[in-house]
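Just below is one structure, and these are the notes that go with it.
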Amino acid sequence: AGQIDKLRLGKMLGALGIDPDAYISKERAVDLREQMTRCQASENTDTCDERLEQKDINADSIEFWNNEKTLQEMTKSLK
């Protein structure tokens, strides 16, 4: 999980209060790769970076995020 912390995806997990280890254990490797690719290809990286600076982000307000549905479901299932 240490490597994912350096990525935008890892930072978003942290901002949403999702444990990276729990995330990695729940998602299939192919899905993880797809989510990372979607994140890197995003046209919203500036918005994403600005929001990530705020640290605590509500899962209901990540419409700019390419993986929003997956992360919203994950925040609900881990609570």
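Everything quoted here is computed from the prediction, not taken from an experiment.
Remark: D49 does not engage K11 in a salt bridge, criterion side-chain N to carboxylate O under 4.0 Å.
In this structure, N66 contributes its side chain and C39 its backbone to no donor-acceptor pair below 3.5 Å. No side-chain donor-acceptor contact under 3.5 Å links E27 to the backbone of L32.
Closest heavy-atom contact between L71 and I18: O-CD1, 4.0 Å. Residues C48 and F64 share a closest heavy-atom pair of CA-CE1, 3.6 Å.
Remark: E63 CD is packed, more than 12 non-hydrogen atoms of other residues, nucleotides or ligands lying under 6.0 Å away. Annotation: R38, atom CZ; neighbour count of heavy atoms from other residues, nucleotides and ligands within 6.0 Å is above 12.
The distance from the CZ atom of R51 to the CG atom of N58 is 8.5 Å, given to the nearest 0.5 Å. With rounding to the nearest 0.5 angstrom, the CG atom of L16 is 10.0 Å from the CG atom of D60. From E53, atom CD reaches atom CD of E50 across 7.0 Å, with rounding to the nearest 0.5 Å. Distance check: S25 OG to D19 CG gives 8.0 Å after rounding to the nearest 0.5 Å. Taking CD1 of I4 as the reference point, atom CG of L13 lies at 5.5 Å (rounded to 0.5 Å). Separation of atoms CZ (R28) and CD (E34) is listed at 8.5 Å; rounding is to 0.5 Å.
In this model, no donor atom of one side chain and acceptor atom of the other lie less than 3.5 Å apart for R8 and S42.
In this structure, M12 and L7 have side chains that are not in contact, with every pair of non-hydrogen atoms separated by 4.5 Å or more.
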